[in-house]
Each structure stands twice: as C-alpha cells, then as structure tokens.
2 protein chains.
Amino acid sequence: MYQFKGKEYPCCTSLTMGIIGGKWKTVILFHLIDGTLRYNELRKEMPSVTERTLSLQLKTLEEDGIIKRKVYTSKPPLKVAYSLTDFGKTLIPIVKSIADWGVMVVEEKEGMVV
Amino acid sequence: MYQFKGKEYPCCTSLTMGIIGGKWKTVILFHLIDGTLRYNELRKEMPSVTERTLSLQLKTLEEDGIIKRKVYTSKPPLKVAYSLTDFGKTLIPIVKSIADWGVMVVEEKEGMVV
DNA sequence: CAGTATCCCATACGATACTG
DNA sequence: CAGTATCGTATGGGATACTG
C-alpha cells in the first residue's frame, strides 16, 4: 500500500496515475513541457476542454506540486502563467513517452490523424 | 485530432491515456510485465479490485490488442491465462517508468509505503 | 483575462450474488 | 476456476452564465 498527499494507492503505478490520470492532465503537462503558458494560451492548445474542467485540473496539479501558478497583475485584466515545478519536470520523460507512443500508434497501426 | 479503434482524441497523449488510463489498467499491465498470469493469480496481486471491474478491464485491454487471453480447458474448472501481446509489450517502458516514478515519490517525497 | 457558480449527466467503479 | 448479472454510487467532466 502506497500513500501520497493523504491518498492511498494499491500499487506504485496507481500513485503515478492518481496524479497524471484523467482525461486532461497529461495534455496540460504535454503543453507545458516547452515552457510557461498563460491560461488562454492553454485554452487555445486544447480547445475542446471546458473552462471549468481546465481550471479544476490546473488546481489539482498545483496542489500536487506538479505545476506552479504565478500571478503578474493585481487588478483585472489578470495575467497568470503556468509552468512545471522542479518536481513536475521529473514527469517529463513519462509524458514524452506517453505522447510518443500515441504518435507511434497512429503511424504504425490503424490509427489516423484527422 | 487523433483516431484509434473508432475513438477520437484531441492529443497524442490522450490516445495513450485512453488505452492505459483508468484506475486499474496500469496495475494489470505492471503485473503482466514478468509473464503470463491466470485470472486468480491477477486477483491475488490486486486484492482490492472487484471481480467485475477486473473482468471489464481485461476485456477492454484485450479488445485494444494490448493483452491476449488463452483458454486451456473446455469444461469447468476453466484455465485461462493472460499475457501481453507484442503490441502490448511496446507499452512496457511506459508502464515501468510510471511504476518507477511512483516508487521515487514514496522514497524521496512525503509519500510512504504502509 | 482568468477564472467561478450552478446544474446536469455519463460512465467508471464497487458490492454482492450467482453460474457454465 | 473464471467469470456474469444486477444494482447502486461516486466522481469526473460538460454546458452555460456570470464575475473580480
């Protein structure tokens, strides 16, 4: 049994998946690999996610210490930038291999890019 | 937009996560890395999963071509063995790095093994 | 600009009993 | 032994409107 941030996991893979699992978290991390992005820049990279879900996933990733949120203005219009923490950067090899495997599948299997 | 097995994904990472995502699939794959396991052997490795859920996840992995199911007896008691396909074996590096990252977290961060 | 608030739904997952 | 069947629940995520 593994524990992290108050949650219990039955397997070491479960712990990792508890942090990067779900429909959108690896997509967010994938886009943050190359550097800092603002909220609306992330939205442009992933137009099919809703504002609510993106906001929730960013908050969860921040609570888990994977990304950091920096606010540059005190009054609207706000400027907020998201980037990987040092801890989050340790996930880059995993995220990249997950991305590469997806690309491999569409290139070598019956998958396709529309 | 990426497509595989009739499903659409907005990102190359989404495609991979669509196949190995969820609460149990990486746990199953992790235990199958070392070779073939029977249904009850898998259950012993993951005692907290229900029969129904394990059965559903195995079926999904089989449909996606990740694992193969071999039946050795025609009448009860049945003997069924699960193992990775060649396609599924291409996921081993990802599953291992997911497992390793979980171990790293409990060793170097506030996580713990109970 | 960068989010919340509110409401709703689909689906993943769990518990338990049963069967070829 | 290796599952299904049935039922119930939890939560992840969607749609849309609104706000500091």
Side-chain angles (χ1 to χ4, degrees), chain A residues 5-11 13-14 17-29 31-32 36-64 67-83, chain B residues 5-11 13-14 17-29 31-32 36-64 67-83:
Chain A
K5 300 253 178 189
K7 289 179 196 164
E8 298 198 334
Y9 303 97
C11 175
T13 64
S14 307
M17 294 302 282
I19 290 175
I20 67 168
K23 191 169 174 179
W24 296 108
K25 286 196 211 152
T26 57
V27 184
I28 294 171
L29 297 178
H31 289 302
L32 288 179
T36 298
L37 286 180
R38 295 181 62 178
Y39 180 80
N40 267 4
E41 291 174 331
L42 270 172
R43 290 222 65 208
K44 274 171 206 160
E45 298 282 0
M46 13 192 323
S48 54
V49 69
T50 63
E51 296 181 350
R52 173 195 135 95
T53 297
L54 178 57
S55 181
L56 286 174
Q57 302 307 313
L58 287 169
K59 194 172 293 179
T60 304
L61 287 169
E62 190 189 359
E63 287 168 359
D64 284 337
I67 64 174
K68 51 178 180 265
R69 176 181 182 273
K70 188 165 182 185
V71 186
Y72 288 94
T73 53
S74 54
K75 297 226 171 184
L78 291 185
K79 178 177 176 181
V80 178
Y82 291 93
S83 58
Chain B
K5 301 254 179 190
K7 291 180 194 164
E8 298 198 333
Y9 303 96
C11 174
T13 64
S14 306
M17 294 302 282
I19 290 175
I20 68 168
K23 191 168 173 179
W24 295 109
K25 286 195 210 152
T26 58
V27 184
I28 294 170
L29 297 178
H31 290 303
L32 289 180
T36 298
L37 286 180
R38 296 182 61 179
Y39 180 80
N40 267 3
E41 291 174 330
L42 270 173
R43 290 223 63 207
K44 274 170 204 158
E45 299 281 0
M46 13 191 326
S48 55
V49 71
T50 63
E51 295 180 351
R52 175 194 135 93
T53 297
L54 178 57
S55 182
L56 286 174
Q57 302 307 312
L58 288 169
K59 194 171 296 180
T60 305
L61 286 169
E62 191 190 357
E63 287 169 0
D64 285 337
I67 64 175
K68 52 177 178 266
R69 176 181 182 274
K70 188 165 183 186
V71 186
Y72 288 93
T73 53
S74 55
K75 295 224 170 185
L78 291 186
K79 178 177 176 180
V80 178
Y82 291 93
S83 58

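So that the names make sense, note that chain A is the first sequence line, chain B the second, and so on, each numbered from 1.
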Under 4.0 Å between a side-chain N/O of [X] and OP1 or OP2 of [N], yes or no?
| X | N | result |
| --- | --- | --- |
| K75(B) | dC1(D) | no |
| K23(A) | dG14(D) | yes |
| S55(A) | dT4(C) | yes |
| R69(B) | dA2(D) | no |
| Y82(A) | dG3(C) | yes |
| R38(B) | dC1(D) | no |
| Y72(A) | dA2(C) | no |
| T53(A) | dG14(D) | yes |
| K25(A) | dG12(D) | no |
| Q57(A) | dG13(D) | yes |

Among [options], find the nucleotide with the atom closest to the side chain of [X].
| X | options | answer |
| --- | --- | --- |
| V80(A) | dG3(D), dT4(C), dA2(C) | dA2(C) |
| E51(A) | dA17(C), dG3(C), dA15(C) | dG3(C) |
| K59(A) | dA17(C), dT4(C), dA2(D) | dT4(C) |
| V49(B) | dG14(C), dG3(C), dA2(D) | dG14(C) |

When K79(B) and P77(A) are each assigned the nearest nucleotide of DNA chain D, the 5'-most assignment goes to K79(B)

Specify the separation, in whole Å, of atom [atom1] of [X] and atom [atom2] of [N].
| X | N | atom1 | atom2 | answer |
| --- | --- | --- | --- | --- |
| Y39(B) | dG20(C) | OH | P | 17 Å |
| R43(B) | dT4(D) | CZ | P | 13 Å |
| K7(B) | dA10(C) | NZ | C1' | 14 Å |
| I28(A) | dG12(D) | CD1 | P | 14 Å |
| I19(A) | dG12(D) | CD1 | P | 14 Å |
| M17(A) | dG12(D) | CE | P | 14 Å |
| L54(B) | dG3(D) | CG | C1' | 10 Å |
| M46(A) | dG3(C) | CE | P | 13 Å |

Judged by nearest nucleotide, the residue sitting upstream toward the 5' end of DNA chain C, L56(A) or L78(A), is L78(A)

Result for 5'-nearest mapping on DNA chain C, choosing between A81(A) and S48(B), is A81(A)

For a quick test of reading the model, state the closest non-hydrogen atom pair linking [X] to [Y] and the distance between them.
| X | Y | result |
| --- | --- | --- |
| R38(B) | L78(B) | NH2-O, 3.4 Å |
| E41(B) | T36(B) | OE1-O, 4.4 Å |
| I20(B) | T26(B) | O-CG2, 3.4 Å |
| L42(B) | H31(B) | CD2-CB, 4.2 Å |
| Y9(B) | G18(B) | CE2-CA, 4.0 Å |

Looking at side-chain heavy atoms only, is the closest gap between W24(B) and S48(B) below 4.5 Å? yes

**Q.** Test item: L58(A) and Y39(A) side chains (from C-beta on) under 4.5 Å apart, heavy atoms
**A.** yes

By the Watson-Crick or G-U definition, both distances under 3.5 Å, dA15(C) is matched with dT6(D)

pair_partner(dG12(D)), Watson-Crick or wobble, both distances < 3.5 Å, evaluates to dC9(C)

Q) Quick one: the side chain of R52(A) and the base of dG13(D), do they pair up donor-acceptor inside 3.5 Å? A) yes

